Amino acid sequence: QVVQKLASGLNIDMPQLFEAASDERSTGRRDITRAGEGRPHPTPTYEHEMLAPALTNKRMLPYKTTVRARSFDAYPEWIRHRGEEFLLVLSGEVRFFTEFYEPVDLGPGDSSYYDGSMGHALISLSEEDAQVLWVTAA
């Protein structure tokens, strides 16, 4: 309760009290990706368009994806990777499979934030290929 009062008095979120101080300064990094001009990265189930490709050593990896898979059987195994991931459905309907939860159907504007090391996969349920925005953070 004391810590909550302190954070409230300082007008900050409580987790900020436990973060290490940083001497990072703005480096003025910026990259603009025009529509359709991201770096293509095709896979058997997805057509990724890597966004902000000119920046190196990013803390986040943003990419727009066309979901081509129509069946969970299209995946020989779960997709897994380090870090956390945010998924936002841009168009179409998808079914989001995760290792520890029941599949869930998502439509435009729906999103999920999850642990990337948990097995996951995505299929398009709509007639057209669904489009999603993913942001992966290490």
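Heavy-atom basis, side chains included; hydrogens, waters and symmetry copies ignored. Given the structure is predicted, the values throughout are model-derived calculations rather than measurements.
Under the 4.5 Å side-chain criterion, counting only non-hydrogen atoms from C-beta, L87 is in contact with L106. No side-chain heavy atom of T45 sits less than 4.5 Å from a side-chain heavy atom of V67. Looking at L90 and K64, their side chains come closer than 4.5 Å, going by heavy atoms from C-beta outward.
Proximity of a side-chain donor or acceptor of R80 to a complementary backbone N or O of M118 within less than 3.5 Å is not detected. Here the side chain of D31 pairs a donor or acceptor atom with the backbone of A54 at under 3.5 angstrom. Between the side chain of T33 and the backbone N or O of A52, at least one donor-acceptor pair lies under 3.5 Å. Remark: the backbone N or O of A130 is paired with a side-chain donor or acceptor of S124 at under 3.5 angstrom. Counting only distance, with no hydrogens or angles, the side chain of Y63 and the backbone of G38 share no donor-acceptor pair below 3.5 Å. Side chain of R70 to main chain of S126: a donor-acceptor pair is present (N/O by atom type, distance under 3.5 Å, no hydrogens or angles).
Looking at every heavy atom in both residues, P62 comes nearest to K58 through CD-CE, 4.4 Å. Of all the heavy atoms in A69 and Y75, the pair that sits closest is CB-OH, 3.8 Å.
Atoms CG and CD, from L51 and E37 in turn, are 11.5 Å apart once rounded to the nearest 0.5 Å. Atom CG in D129 sits 12.0 Å away from atom CD1 in I123 (nearest 0.5 Å). Note: F96 CZ to S111 OG = 10.5 Å, rounded to the nearest 0.5 Å. Atom OG of S112 is separated from atom CG of L122 by 10.0 Å, given to the nearest 0.5 angstrom. Rounded to the nearest 0.5 Å, atoms CD (E49) and CZ (R39) are 11.0 Å apart.
The salt bridge (charged side-chain N to carboxylate O under 4.0 Å, His left out) contacts involving residues 104-126 comprise R95-D105, where partners must be two or more places apart or lie in separate chains.
When the side chains of ILVMFWY residues are joined at heavy-atom separations under 4.5 Å, either directly or via intervening members, V94 and L88 end up in two distinct hydrophobic clusters. If you chain together hydrophobic residues whose side chains sit under 4.5 Å apart, F86 and L133 fall into the same group. A chain of hydrophobic side-chain contacts below 4.5 Å, direct or via other Ile, Leu, Val, Met, Phe, Trp or Tyr residues, connects F97 to V89. Linking ILVMFWY residues whenever their side-chain heavy atoms come closer than 4.5 Å, directly or via other members, places V132 and I79 in the same cluster.
Residues Q131 and T66 bring a donor and an acceptor atom of their side chains to less than 3.5 Å of each other.
Dense packing is recorded around CD of E128, with more than 12 heavy atoms of other residues, nucleotides or ligands lying under 6.0 Å away. For CE of M60, the number of neighbouring non-hydrogen atoms (other residues, nucleotides, ligands) closer than 6.0 Å is 12 at most.
A ring-ring contact (aromatic ring centres under 6.0 Å, His included) with H120 holds for exactly one of W134, F72, Y114, Y101; it is Y114.
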- Does the pair Y113 and E85 meet the rule for a side chain to side chain donor-acceptor pair (under 3.5 Å), with working shown? CA-CA 6 Å; Y113 188 104; E85 195 155 59; over 6 Å; no
